Amino acid sequence: MITRMSSLFLRTLREDPADAEVPSHKLLVRAGYVRRVAPGGYSWLPLGLRVLRNVERVVREEMDAFGAQEIQFPALLPKEPYEATNRWTEYGPNLFRLKDRRGADYLLGPTHEELFALTVKGEYSSYKDYPVTLYQVQTKYRDEARPRAGILRGREFVMKDSYSFDLTDEGLAKSYQDHRDAYVRIFDRLGLEYVIVSATSGAMGGSASEEFLAVAETGEDTFVRSTESDYAANVEAVTTIAPPEQSIEDKPEAQVHRTPGTPTIETLVDFLNAAGLGRTFTAADTLKNVLVKTREPGEKEWTLLAVGLPGDREVDFKRLEAAVEPAEVELLTETDFARNAFLVKGYIGPGALLANGVRYLVDPRVVRGTAWVTGADEAEHHVVDLVAGRDFTPDGVIDVAEVREGDPSPDGRGTLVAARGIEIGHIFQLGRKYADAFSLDALGPDSRPVRITMGSYGIGVSRLVAVIAEQSHDDRGLIWPRNVAPADVHVVVAGKDDALLAGGEKIAAELHEAGLRVLLDDRRASPGVKFKDAELVGVPTILVVGRGLADGTVEVKDRRSGDREEIAVADVVPHLLGVVRS
RNA sequence: CGGGGCGUGGCGCAGCUUGGUAGCGCACUCGCUUUGGGAGCGAGGGGUCGCAGGUUCAAAUCCUGUCGCCCCGACCA
């Protein structure tokens with residue numbers, strides 16, 4: 001089809017919008033793809049809507065290709081199914097809630113596990129019906145505390161969410177793998193640079209889970225990758241390799257020392273090194289015990305939890321939250337310390353913790369046979385050479401110390417470096433949480449019910465438009481990959497006289513005839529304006545119809561590389577077909 | 001929720017300190033010129049200065065309150 005700029009509903013801006021920070025936001029607004037309507041709410045103008053539709057098309061093709069079937073639910077949903085799974089309350093303030101005229105509670109769907117589960121329950125009842133995978137491309141609503149970065153993080157956004165229903169764990173594993181493979185194909189077709197990281201399952205519940213992160217400096221998620229291997233993981237999910245265990249026999253006896261004025265690791269290390277013990281200590285030789293409290297969902301009472309880790313590392317609170325999920329976790333208050341007199345702040349050691357029944361979990365580096373300097377449970381006193389497995393035995397291991405650049409990669413190859421990414425896809429093996437909530441069973445061949453197991457898989461479709469823009473632009477504007485570009489060719493008529501315009505129209509018609517999507521700049525504007533707009537809009541191939549037309553040539557420019565070549569008018573169609581289809 | 005900033009034609013901004021005709025650039029309309037890198041000249045249209053109250057002869061400007069938005073953090077499939 002031919003889209004004429006003279007009548008296209010489009011106004012480009014010469015200046016960046018004041019409220020935009022990240023490149024994708026600035027460029028999508030400047031190039032007239034989207035306009036802000038409300039915080040976290042954007043309208044799609046013609047060119048933007050085309051890109052969004054193109055992304056959707058790629059997603060649908062790959063979902064359909066492995067047998068997923070598209071359906072669609074309302075965005076406006078009744079409360080009851082979400083009460084059955086407790087998410088009406090658990091989802092918290094991020095859920096958009098509203099009432100109808102009778103006062104009945106509704107919500108705008110943030111994600112649709114409940115509806116999919118109920119729908120399958122309503123239609124299917126035999127093991128012969130399974131497995132099945134359903135998906136939808138739907139507008140989702142989340143009352144984000146702080147929407148930001150244009151359409152990268154909105155309160156209304158388009159998401160593809162799919163759900164697999166299987167009879168067995170092996171079936172679920174296959175459905176999961178099918179999705180993973182499809183996602184790889186989708187993101188490859190969209191020309192994205194991304195990594196797949198193991199993730200925590202978050203509020204969704206469930207076990208195995210991976211995130212697809214598009215690599216972008218402006219991303220909100222931090223992940224680590226190995227310098228040597230293709231290992232990549234969300235920081236919350238990085239596992240620490242435990243050092244080998246050591247023998248206990250050759251360790252000196254634990255000794256309590258008076259260590260006045262040493263409430264912090266730094267002061268303690270300085271004191272020890274000045275105390276003439278005949279060796280040098282570092283912060284990594286100390287065992288720091290951090291006290292927190294946790295509360296299981298539905299419980300009223302908080303439970304103490306002590307985390308022991310090498311003194312040179314801090315507890316990463318996000319990793320801690322992920323580790324104790326679904327329980328909540330908080331730091332201890334002064335009141336808590338006062339209530340538990342055996343906790344001597346600054347001098348807490350394993351002894352008092354274990355003696356008083358406080359659950360004590362340690363960093364993986366604290367293995368049997370390692371000797372530590374740690375608190376002696378008495379103000380101004382520490383114990384040196386307290387040996388794990390001899391002098392104390394922790395209740396277990398918890399891997400929540402901060403991850404640092406330079407730490408060894410968990411796969412044993414290379415070291416870790418940090419990078420930023422934007423979550424574009426997330427796949428989960430949900431398990432039976434939702435099936436349990438709705439008693440979703442199939443009648444098995446032995447006439448006994450089999451509880452269905454589910455997977456849940458999402459792609460941020462509208463976010464992808466911004467992510468592609470984020471990864472594919474330069475200082476002049478957007479540069480769309482061919483698969484999602486709003487047109488195949490942008491024909492610029494570089495002049496205002498009728499002969500040029502007629503020439504441009506004719507070539508555009510021929511390209512259209514040949515099956516290409518043509519954006520024709522037939523405006524009576526000066527050439528400079530048109531060139532600038534073409535670069536801003538970002539169609540990958542620009543065809544300039546200008547002064548060469550009299551000699552029978554036009555110019556083909558590649559938006560990304562800037563390369564240009566003169567082509568005889570007679571050869572334009574086959575040449576461009578070659579460029580576009582390559 | 002904590003911290004910071006901003007609300008003035010469609011967009012980007014100045015004016016506010018020191019109260020007195022609301023201004024600039026872009027965009028838009030008309031005319032002439034120009035025509036391969038965001039053209040020139042001329043003439044125009046368009047603004048309850050976020051909202052409410054107060055001080056004053058007089059408020060975009062000073063005072064009080066309030067609403068909204070943006071950024072950083074917290075939070076977040």
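Chain letters run A, B, ... following the sequence lines, proteins first, then strands; residues in each count from 1. What you are looking at is a predicted structure, and each value in this text was computed from that prediction instead of being measured. As a basis for the values below, the full set of heavy atoms in this structure was taken, side chains included, without hydrogen atoms, waters or symmetry mates.
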Integer angstrom distance from the C1' of rC24(B) to that of rG47(B):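 One C1' to the other, the span is 14 Å.
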
Are the ring centres of Tyr141(A) and Phe157(A) closer than 6.0 Å? no

So, Tyr42(A) versus His25(A), ring centres under 6.0 angstrom or not? yes

Ignoring the backbone of [X], work out which of [options] is nearest its side chain.
X	options	value
Thr12(A)	rG37(B), rG38(B), rC71(B)	rG38(B)
Val529(A)	rA39(B), rG37(B), rC71(B)	rA39(B)
Leu13(A)	rC11(B), rG38(B), rA77(B)	rC11(B)
Glu15(A)	rC11(B), rC70(B), rA77(B)	rC11(B)
Pro527(A)	rA27(B), rC69(B), rG36(B)	rG36(B)
Arg564(A)	rG36(B), rC11(B), rC71(B)	rG36(B)

Counterpart base for rC75(B), defined by Watson-Crick or G-U wobble contacts under 3.5 Å: none

When both hydrogen-bonding distances must be under 3.5 Å and the geometry is Watson-Crick or G-U wobble, what is rU66(B) paired with, if anything?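 Looking at the geometry, rU66(B) pairs with rG50(B).
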
Fit a plane to each ring of [X] and [Y], take the angle between them on a 0 to 90° scale, and name the class: parallel (under 30°), tilted (30 to 60°) or perpendicular (over 60°).
X	Y	answer
Tyr457(A)	His179(A)	parallel
Tyr33(A)	Trp480(A)	tilted
His426(A)	Phe428(A)	parallel

Separation of [N] [atom2] from [X] [atom1] (nearest whole Å):
X	N	atom1	atom2	answer
Tyr163(A)	rA77(B)	OH	C1'	9 Å
Glu156(A)	rA77(B)	CD	C1'	17 Å
Ile542(A)	rG37(B)	CD1	P	15 Å
Asp143(A)	rC1(B)	CG	P	12 Å
Phe531(A)	rU35(B)	CZ	C1'	11 Å
Lys26(A)	rG12(B)	NZ	C1'	13 Å
Asp521(A)	rG36(B)	CG	P	15 Å

If you define the side chain from C-beta out and look only at heavy atoms, does anything of Val493(A) sit under 4.5 Å from Asp521(A)?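 Side chain of Val493(A) against side chain of Asp521(A), heavy atoms only: no contact under 4.5 Å found.
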
For [N] and [X] - does any side-chain N or O of the residue sit under 4.0 Å from the phosphate oxygens OP1/OP2?
X	N	value
Arg30(A)	rA27(B)	no
Arg146(A)	rC72(B)	yes
Arg36(A)	rC70(B)	yes
Arg142(A)	rA77(B)	no
Ser526(A)	rA39(B)	yes

Any donor-acceptor pair under 3.5 Å between the side chain of Asp16(A) and the base of rG12(B)? no

Any N or O donor-acceptor pair linking the side chain of Lys557(A) to the base of rG36(B) at under 3.5 Å?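 Side chain to base: no pair below 3.5 Å.
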
Base, sugar-phosphate alone, or nothing: which one does [X] contact when heavy atoms must sit under 4.0 Å apart?
X	answer
Ala149(A)	sugar-phosphate
Arg35(A)	nothing
Val492(A)	nothing

